Amino acid sequence: MAVNKEHTKLIANNKKAYHEYFIEETYEAGIQLFGTEVKSLRMGHCSIKESFLRIDSDNEIWCYQMHISPYEKGNIFNRDPLRPKKLLMHKYEIVKLQGKISEKGYALVPLEVYFRDGKAKVKVALARGKKLYDKRDDMAKRDAKRDIERAFKDANR
């Protein structure tokens with residue numbers, strides 16, 4: 001699915017997920033939010049570094065530990081910044097994900113929070129955990145690529 005970049009505004013992204021997991025598949029989900037949370041998101045006050053996703057017994061997907069800072073002018077209408085947020089996905093997608101994460105080593109992680117056409121969205125990833133040697137291998141590849149680019153840049157001066 002091609003995402004139109006001119007109507008998309010990135011709010012938060014989870015770089016840690018790319019380091020900790022192999023990303024198998026990605027999905028897009030809406031977020032069930034309240035008024036002051038939306039205003040706070042529009043100001044860019046969101047963190048998903050420590051957040052994780054779970055599917056409950058009612059086949060609903062929830063995001064835990066997503067921190068949306070309280071809106072400054074929201075006073076009594078502000079909600080708890082760390083309250084669990086319900087994600088909106090089609091039932092068949094949730095059932096498919098439920099079957100996949102029942103396999104050993106798979107998890108659901110949020111990758112990005114963004115606005116698309118005025119609606120708050122989360123990019124959800126079906127991910128498989130990396131071992132320590134996988135992380136070291138990725139770091140070595142990244143360093144080698146950086147060295148090659150640096151040498152290429154110096155050679156073309």
Side-chain angles (χ1 to χ4, degrees), residues 1-33 37-38 40-56 59-70 79-90 92-117 119-156:
M1 168 177 66
V3 176
N4 192 351
K5 292 292 183 188
E6 54 196 55
H7 297 291
T8 302
K9 179 186 174 196
L10 184 66
I11 305 300
N13 105 23
N14 191 355
K15 293 179 183 177
K16 185 178 175 184
Y18 290 101
H19 179 71
E20 299 285 330
Y21 299 98
F22 291 112
I23 307 302
E24 302 281 329
E25 298 176 24
T26 60
Y27 298 88
E28 183 178 72
I31 316 173
Q32 187 178 40
L33 296 173
E37 291 176 324
V38 176
S40 186
L41 267 184
R42 288 199 189 280
M43 294 173 60
H45 298 242
C46 178
S47 174
I48 57 172
K49 287 183 178 137
E50 301 296 323
S51 61
F52 60 96
L53 305 174
R54 288 228 173 105
I55 299 175
D56 68 2
N59 281 340
E60 293 178 338
I61 189 164
W62 292 85
C63 184
Y64 296 92
Q65 298 297 320
M66 176 192 286
H67 188 276
I68 298 177
S69 299
R79 301 286 176 135
D80 178 26
L82 291 174
R83 76 170 182 83
K85 287 133 185 101
K86 184 178 176 181
L87 299 186
L88 309 171
M89 293 178 75
H90 291 286
Y92 69 89
E93 289 178 324
I94 295 174
V95 170
K96 180 180 172 184
L97 287 173
Q98 179 72 33
K100 295 265 187 160
I101 62 171
S102 63
E103 297 176 28
K104 187 176 179 185
Y106 282 99
L108 289 175
V109 292
L111 295 179
E112 296 176 350
V113 177
Y114 55 92
F115 278 103
R116 195 175 96 207
D117 297 327
K119 294 179 177 66
K121 303 284 185 178
V122 176
K123 185 188 276 187
V124 175
L126 177 67
R128 190 168 36 89
K130 285 185 181 179
K131 305 281 190 228
L132 183 60
Y133 57 83
D134 291 327
K135 294 177 192 176
R136 287 184 185 147
D137 188 41
D138 283 351
M139 288 171 54
K141 286 179 185 175
R142 194 169 48 243
D143 290 344
K145 183 179 177 183
R146 190 179 306 126
D147 291 342
I148 290 169
E149 288 175 356
R150 189 176 299 135
F152 184 71
K153 183 179 172 184
D154 291 340
N156 287 335

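This one's a predicted model, so the numbers in the text were calculated from it and none came from an experiment. What you see below is based on every heavy atom in this structure, not just the backbone, and it leaves out hydrogens, waters and symmetry mates.
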Check: Got Lys86 and Ile61 here, is their nearest side-chain heavy-atom distance under 4.5 Å?
Finding: no
Margin query: To the closest 0.5 Å, what do you measure between CD1 (Ile101) and CD1 (Ile55)?
Written below: 4.0 Å
Check: Between Tyr27 and Lys96, is a side chain to side chain contact (heavy atoms under 4.5 Å, CB included) present by the stated rule, with each step listed?
Finding: CA-CA 11 Å; Tyr27 298 88; Lys96 180 180 172 184; 3.5 Å; yes
Notebook entry, point to check: Do Val113 and Met66 come within less than 4.5 Å of each other through their side chains, counting heavy atoms only?
Noted result: yes
Checklist line | Carboxylate-amine/guanidinium proximity below 4.0 Å for Glu28 and Arg116 | finding: yes
Notebook entry, point to check: Is there side-chain contact between Val109 and Leu53, with at least one heavy-atom pair below 4.5 Å?
Noted result: no
Next item on the list: Taking all non-hydrogen atoms of both residues into account, name the closest pair between Asn14 and Pro110 and its distance.
Entry: ND2-O, 3.0 Å
Next item on the list: Side-chain contact test, heavy atoms from C-beta onward, threshold under 4.5 Å: evaluate it for Arg54 versus Tyr64 and give yes or no.
Entry: yes
Next item on the list: Start with the C-alpha distance between His45 and Ile11, add both sets of side-chain angles, then the distance that settles side chain to side chain contact (heavy atoms under 4.5 Å, CB included), and finish with yes or no.
Entry: CA-CA 8 Å; His45 298 242; Ile11 305 300; over 6 Å; no
Checklist line | Main-chain N/O of Ala17 paired with Lys49 side-chain donor or acceptor, under 3.5 Å | finding: no
Next item on the list: Give a yes or no on whether a salt bridge exists between Lys16 and Glu50, defined as a side-chain N under 4.0 angstrom from a carboxylate O.
Entry: yes
Margin query: Test side chain to side chain contact (heavy atoms under 4.5 Å, CB included) on Tyr21 and Arg128; report intermediate values, then the result.
Written below: CA-CA 5 Å; Tyr21 299 98; Arg128 190 168 36 89; over 6 Å; no
Next item on the list: For the pair Lys141 and Asp137, find out whether any cationic side-chain nitrogen is under 4.0 Å from an anionic carboxylate oxygen.
Entry: yes
Check: Given side chains that start at C-beta, do those of Arg83 and Glu37 come closer than 4.5 Å, heavy atoms only?
Finding: yes
Checklist line | From Lys121 atom NZ to Leu88 atom CG, the distance as rounded to the nearest 0.5 Å | finding: 8.0 Å
Item checked: Straight-line distance of Glu112 CD to Thr8 OG1, nearest 0.5 Å -> 9.5 Å
Margin query: Do Phe52 and Leu108 make a side-chain contact, defined as non-hydrogen atoms from C-beta onward lying under 4.5 Å apart?
Written below: no
Margin query: Restricting to side chain to side chain contact (heavy atoms under 4.5 Å, CB included), what partner residues turn up for Thr26, sequence neighbours left out?
Written below: Ile23, Leu111, Lys123, Ala125
Checklist line | Test item: Tyr106 and Glu24 side chains (from C-beta on) under 4.5 Å apart, heavy atoms | finding: yes
Notebook entry, point to check: With sequence neighbours excluded, what pairs up with Asn13 under the side chain to side chain donor-acceptor pair (under 3.5 Å) test?
Noted result: none
Next item on the list: Return the minimal non-hydrogen interatomic distance between Trp62 and Asp56, and the atom names on each side.
Entry: NE1-OD2, 3.2 Å
Notebook entry, point to check: Between Ile48 and Val122, is any pair of side-chain heavy atoms under 4.5 Å apart?
Noted result: no
Check: Passes side chain to side chain contact (heavy atoms under 4.5 Å, CB included), His67 versus Cys46? Steps please.
Finding: CA-CA 6 Å; His67 188 276; Cys46 178; over 6 Å; no
Going by atom type alone, with no hydrogens or angles, which donor-acceptor pairs under 3.5 Å involve a side-chain atom of residues 143-155 and a protein atom two or more places apart or on another chain?
| residue | atom | partner | partner atom | Å |
| --- | --- | --- | --- | --- |
| Asp143 | OD1 | Arg146 | NH1 | 3.1 |
| Asp147 | OD1 | Arg150 | NH1 | 3.4 |

